[in-house]
Amino acid sequence: GNSVTQMEGPVTLSEEAFLTINCTYTATGYPSLFWYVQYPGEGLQLLLKATKADDKGSNKGFEATYRKETTSFHLEKGSVQVSDSAVYFCALSDSGNTPLVFGKGTRLSVIA
Amino acid sequence: DVKVTQSSRYLVKRTGEKVFLECVQDMDHENMFWYRQDPGLGLRLIYFSYDVKMKEKGDIPEGYSVSREKKERFSLILESASTNQTSMYLCASKKSTGTVETQYFGPGTRLLVL
């Protein structure tokens, strides 16, 4: 079955540091890939997505590129801020009606 | 903007009680989902629904049931709450099209079963 593996946290960075959160997936076919973010006390919200190989999703300074050859969708940001402290989830879906399959989440703490 | 609302942000119940968690979405989405979120386990799918009166089991349906009598509302029912059902419960919805659509989440209900 489909699955998502993301790096375990927690990750602690200083403000303005470079962020990478690794995500790899296993899927039959060609899934769409997502990054969701959960800020403290809130539900999940979509951060970015990519629907086909070599697509790059981007939002709020975050980027992730859909790499079919390495089955990866790593999240990056060049300079993190304290306000980026949250839990980040990588997810995939392989067809229109199927639910998202999530990774276990990575908690990011950014300190000033 | 899509809005998914959940009836309670925090809930405290006793073991053995019947618990209803309500979720409403205002964008005419066909698909609705219930997840639970636990530390170290991420999000796990409990049940989902493709349309009114339809339901499908997710990965961990035991101890839960659902109801979808109207398109906008998807209820999660704990028939007899147990302490191991203490968790954060997240509802989500998405449109049903031929392509993969974004799932939108509610704010979550944090349930404590004593």
Side-chain angles (χ1 to χ4, degrees), chain A residues 1-10 21 23-25 27-53 55 57 59 64 66 73 86-108, chain B residues 1-10 21 23-25 29-51 54-61 66 74 88-110:
Chain A
N2 297 339
S3 66
V4 174
T5 302
Q6 61 182 105
M7 63 185 284
E8 292 190 19
I21 301 178
C23 171
T24 57
Y25 67 89
T28 52
Y30 303 99
S32 292
L33 301 172
F34 302 79
W35 277 101
Y36 278 79
V37 59
Q38 184 180 35
Y39 297 105
E42 298 183 14
L44 276 70
Q45 55 185 273
L46 179 68
L47 181 59
L48 52 86
K49 67 179 182 181
T51 57
K52 60 183 188 297
D55 266 3
N59 186 25
Y66 187 164
F73 193 54
V87 182
Y88 293 82
F89 293 91
C90 186
L92 70 80
S93 181
D94 62 5
S95 70
N97 280 339
T98 56
L100 287 172
V101 174
F102 285 90
K104 292 187 177 180
T106 303
R107 182 176 297 277
L108 170 67
Chain B
D1 276 356
V2 176
K3 191 147 188 173
V4 181
T5 57
Q6 296 183 228
S7 50
S8 306
R9 293 299 300 270
Y10 302 94
L21 303 181
C23 174
V24 178
Q25 49 90 9
H29 285 173
E30 292 79 11
N31 298 342
M32 296 188 74
F33 311 88
W34 275 107
Y35 295 87
R36 63 177 283 177
Q37 181 181 9
D38 301 287
L41 298 177
L43 273 74
R44 293 180 292 167
L45 182 66
I46 304 171
Y47 267 98
F48 60 105
S49 169
Y50 291 130
D51 206 342
M54 296 182 69
K55 61 184 179 184
E56 296 283 342
K57 291 181 180 179
D59 300 318
I60 51 164
V66 290
F74 191 35
M88 167 76 102
Y89 290 88
L90 293 165
C91 175
S93 74
K94 70 173 179 176
K95 192 159 187 59
S96 175
T97 67
T99 59
V100 176
E101 297 286 341
T102 299
Q103 242 173 249
Y104 296 89
F105 282 82
T109 295
R110 193 169 291 280

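The figures here come from the full heavy-atom set of this structure, side chains too, leaving out hydrogens, waters and symmetry mates. Fair warning: this is a prediction, and the values are worked out from it, not measured in the lab.
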Checklist line | Engaged part of B:Arg9 at the chain A interface, taking heavy atoms whose separation is under 4.5 Å | finding: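 Contact with chain A involves the side chain of B:Arg9 alone.
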Item checked: Part of B:Glu30 lying under 4.5 Å from any heavy atom of chain A -> neither
Margin query: Donor-acceptor pair, distance only, cut-off 3.5 Å: does the side chain of A:Tyr36 make one with the backbone of B:Phe105?
Written below: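 Absent.
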Next item on the list: Return yes if some donor-acceptor pair links the side-chain N/O of B:Ser49 with the main-chain N/O of B:Asp51 below 3.5 Å, else return no.
Entry: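 Checked: pair present.
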Among [options], which has the most heavy-atom pairs under 4.5 Å with chain B?
options	result
A:Leu100, A:Leu46, A:Val101	A:Leu100
A:Gln45, A:Gln6, A:Gln38, A:Arg107	A:Gln38
A:Ser32, A:Gly103, A:Gly105	A:Ser32

Next item on the list: List the atom of A:Tyr66, the atom of A:Thr51, and the distance in Å for their closest heavy-atom pair.
Entry: CE1-C, 3.9 Å
Check: If you look at every heavy atom in B:Phe74 and B:Tyr47, which pair is closest and at what distance?
Finding: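 In this case the closest contact between B:Phe74 and B:Tyr47 is CE2-O, 4.0 Å.
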Checklist line | Leading residue by heavy atom contact count with chain A [cutoff under 4.5 Å; candidates B:Gln6, B:Arg110, B:Gln37, B:Met88] | finding: B:Gln37
Margin query: Can you tell me if A:Tyr30 has over 12 outside heavy atoms packed within less than 6.0 Å of its OH?
Written below: no
